[in-house]
Amino acid sequence: MPDFLIRDIDADVAERIKDLARERGWPLNETILHLIRRGLGVLEPEPPPEPGDISRLPGTLSDDESKALLDAMSAFKELPDDTPY
């Protein structure tokens with residue numbers, strides 16, 4: 001396979017490529033190849049997420065945020081029962 005060297009990449013573009021690689025957990029080279037394929041239209045589109053599948057939504061929580069959310073939700077179990085008698 002041939003190799004290409006790309007020069008003078010805009011700093012914003014380079015940062016966005018790095019962000020995308022981190023988000024997907026892909027190596028930088030694989031991310032760039034994916035973007036080129038997609039830009040050229042030679043890549044199958046990603047299937048839409050299953051209904052109710054929130055795993056693909058942007059804005060995922062960090063480990064600390066997930067723990068804080070779980071702690072907050074478990075605190076609801078400690079609330080007094082407010083059912084009318």
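Small disclaimer: the values here were computed from a predicted structure and weren't measured.
Taking Ile, Leu, Val, Met, Phe, Trp and Tyr as hydrophobic and joining them when side-chain heavy atoms fall under 4.5 Å apart, one finds L33 isolated, its cluster having no other members. Residue L28 shares its hydrophobic cluster (ILVMFWY side chains chained together at separations under 4.5 Å) with I6, I9, V13, I17, L20, I32, L35, I36, L40, V42.
Ion pair K18/E23 not flagged as a salt bridge, since none of the NZ, NE, NH1 or NH2 atoms sits closer than 4.0 Å to an Asp/Glu carboxylate oxygen.
For residues 1-14, the set of pairs meeting the salt bridge (charged side-chain N to carboxylate O under 4.0 Å, His left out) definition, not counting sequence neighbours, is empty.
Partners of E15 according to the side chain to side chain donor-acceptor pair (under 3.5 Å) rule, which considers only residues two or more places apart in sequence or in another chain, are R22.
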Please report, to 0.1 Å, the donor-acceptor pairs under 3.5 Å made by any side chain of residues 64-71, with sequence neighbours excluded.
from: E65; atom 1: OE1; to: S62; atom 2: N; distance (Å): 2.8
from: E65; atom 1: OE1; to: S62; atom 2: OG; distance (Å): 3.3
from: S66; atom 1: OG; to: S62; atom 2: O; distance (Å): 3.2
from: K67; atom 1: NZ; to: D71; atom 2: OD2; distance (Å): 3.0

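Taking CZ of R24 as the start and NE2 of H34 as the end, the distance is 4.5 Å to the nearest 0.5 Å.
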